[in-house]
Amino acid sequence: MDFHTPSSFEDASKRAAEATGLTRFLAGGTDVLVQMRSGTVLPDTLIDLKHIPGTQDITRTPDGGWRIGIAVSGARLGDHADLVADWPGVVEGMELVGSTQVQGRATLVGNLCNGSPAADSVPGLVAAQASVEITGLTGVRTVPVEDIPAGPGKTTLSPGDVISGILIPPRGAHGGDAYQRFTPRTEMDIAVAGCAISLRVDGDTITEARVAVGAVAPTVRLVPDAAAALIGSTLDDTAIDALVTAVRAACNPIDDKRGTAEFRTDVAGVLAKRVAHIAYSRAKGDAQ
Amino acid sequence: MSKIHVTTVVNGDEVEFLADPRETLLDCLRDHLGLTGSKEGCGTGDCGACSVTVDGVLVSSCLMLGVEAQGKRIATIEGMANGEELHPLQRQFVEHAALQCGFCTPGILVAAKALLEKNPDPTETEVRYWLAGNLCRCTGYDKIIRAVMDAASEMRGAA
Ligand SMILES: Cc1cc2nc3c(=O)[nH]c(=O)nc-3n(C[C@H](O)[C@H](O)[C@H](O)COP(=O)(O)OP(=O)(O)OC[C@H]3O[C@@H](n4cnc5c(N)ncnc54)[C@H](O)[C@@H]3O)c2cc1C
Ligand code: FES
Ligand code: FES
């Protein structure tokens, strides 16, 4: 196995494109090392991105949004008070990943690029309308987070594409977001269903919303019908019913020992309702 | 496969070793440095028996490559006691009989020490969540939690 520690994303991209055989990038390694250990993925080339300057940084962008370095761990994200104040839902999704030990290493980008339909940080990023900056062979481009997952373990990234940053838009006034998942065990378990919602209010009325679900389809999914059910409402019972119906209609889950398809679909609706209430009270500035 | 020369600081001492880039930090600690206090329970991040700190951050050493330790500061269970003098956590574990086979104990001690450095006065719930990634197949956890709580109060009193 070749091991590289490039000092720029351009170099990382070039090395990945030139490598023959199986290539993996190394962020926190909490998926890559488990896969190497089990023998499911034995890379011929491993490219550690953590020596690239800026990969450990969380910075506010000139427009008031955020740029998160690709090597920022869950623990570092949770320690950043200003980011937590802006995007509590994004951070709480990442903080659900694994144990304290896993939090010390695991990253948003790794969670996204590992391509698990149950990746806990991805619904929150999708709801927040986050995007990723990709450095590829032909230059740098920006792509919405929801366009990255292509199916279990698969992404739309091409050989030579490396994500060089995560961009979260400015929170702006009267916004709130939240994420919840259902797991059989409280900690250290994989989501059976998950839901993230980001919304904005004007007084009591919801003016903008984005709803994303996890673990109930081959990829994390944005559900525009569910957002439409919320927009224009005051989160009354009719809006909640329409939200729950739209979320359940978007579910196409697997049936396995951890949850039947019927159960996953049902729970996704329940989570959507709870998450909508939390996001709504955060948007209105009520303590949550 | 060519090996990579790694220089790092373990428990305050500068050390060097030659690592195959596929070897985990846990492999390197145990096989190249002879530090066998960190245990391998699973090798996949689930059990916490291999817990160490890297630049002060609690991690599973089975989820990190040895070559990633280059230039870092590692702390393992071997650095916890001050010579013959046990750390308050170690002493409380003995007093509470918070171990049976002992396989999970080094990892739990390292993890609990990291918690008390960040939060000297944790609630029982905070201790249980912090240690959720440290599995123990013998004790049923109760004595472990009580030992950590008592060590925390002892350390606050001593400060
Ligand atoms: C014990 C344990 C518990 C876990 N619990 C959870 C959980 O509850 N919820 C959950 O969602 N996940 C969980 N995970 C999975 C894992 O921790 C997360 O998916 C984590 O966020 C992965 O991030 P990483 O930085 O460690 O990724 P890595 O392992 O470094 O990389 C993962 C993948 O992303 C690719 N990649 C990394 N960086 C880039 C980049 N910049 N550009 C392009 N591709 C890139 C790599 O090539 C690789 O394929 C758990 C893992 C363990 C070991
Ligand atoms: S051996 Fe590292 S977590 Fe189990
Ligand atoms: S004492 Fe045996 S595993 Fe904990």
Side-chain angles (χ1 to χ4, degrees), chain A residues 1-5 21-51 55-56 71-79 92 95-107 110 114 183 185-190, chain B residues 1-4 6 19-27 38 40-72 107-108 110-115 118-119 122 125-135:
Chain A
M1 184 183 82
D2 289 329
F3 183 73
H4 300 292
T5 53
L22 202 55
T23 303
R24 284 291 182 272
F25 294 111
L26 189 60
T30 62
D31 281 316
V32 169
L33 265 75
V34 171
Q35 290 156 6
M36 284 169 65
R37 169 66 185 238
S38 68
T40 51
V41 179
L42 294 170
D44 301 296
T45 303
L46 197 54
I47 303 172
D48 185 358
L49 302 171
K50 292 189 291 295
H51 294 256
T55 50
Q56 312 278 352
V72 170
S73 67
R76 294 267 322 283
L77 215 56
D79 284 342
E92 72 198 355
E95 286 192 303
L96 284 169
V97 169
S99 56
T100 320
Q101 286 86 342
V102 172
Q103 281 290 308
R105 305 285 293 171
T107 67
N114 188 54
T183 53
R185 192 188 165 204
T186 322
E187 273 282 284
M188 295 286 283
D189 206 346
I190 298 166
Chain B
M1 173 67 237
S2 65
K3 295 202 173 194
I4 296 177
V6 178
D20 180 308
R22 283 166 298 204
E23 286 178 307
T24 65
L25 174 61
L26 177 62
D27 296 333
S38 307
E40 179 171 303
C42 64
T44 52
D46 295 292
C47 76
C50 64
S51 297
V52 301
T53 61
V54 177
D55 289 344
V57 178
L58 182 67
V59 304
S60 289
S61 60
C62 73
L63 287 187
M64 180 172 157
L65 296 173
V67 291
E68 291 181 275
Q70 172 64 39
K72 306 280 183 201
I108 293 185
V110 168
K113 181 164 178 271
L115 168 64
K118 195 178 153 97
N119 179 0
T125 303
E126 285 170 335
V127 175
R128 287 186 184 272
Y129 269 97
W130 184 273
L131 295 177
N134 289 88
L135 303 185

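Lettering of chains follows the sequences in order, A, B, ..., and the numbering in each one begins at 1. Since the structure is predicted, the reported quantities are computational estimates derived from the model, not experimental observations.
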(message) Please identify, among T30(A), L42(A), T100(A), the residue contributing the most non-hydrogen atom pairs under 4.5 Å to chain B.
(response) T100(A)
(message) Heavy-atom pairs under 4.5 Å with chain A - which of V59(B), T53(B), L65(B) has more of them than the others?
(response) V59(B)
(message) Is C42(B) in contact with chain A via its backbone, its side chain, both, or neither, using a 4.5 Å heavy-atom distance?
(response) backbone
(message) Please classify the contact of A114(B) with chain A as side chain, backbone, both or neither, using a heavy-atom distance under 4.5 Å.
(response) neither
(request) For the pair K118(B) and D79(A), find out whether any cationic side-chain nitrogen is under 4.0 Å from an anionic carboxylate oxygen. (result) yes
(request) Sequence neighbours left out, what passes salt bridge (Lys or Arg N to Asp or Glu O under 4.0 Å) with K50(A)? Give chain and number order. (result) D48(A), E68(B)
(message) Tell me every residue that passes side chain to side chain donor-acceptor pair (under 3.5 Å) with R76(A), counting only those two or more places apart in sequence or in another chain.
(response) none
(request) Name the member of L63(B), V52(B), V54(B) that forms the most heavy-atom pairs with chain A at distances under 4.5 Å. (result) L63(B)
(request) Taking atom types as modelled, find out whether Q35(A) and T40(A) have a side-chain donor-acceptor pair closer than 3.5 angstrom. (result) no
(request) For residues I47(A) and L26(A), determine if any side-chain heavy atom of one lies less than 4.5 Å from a side-chain heavy atom of the other. (result) no
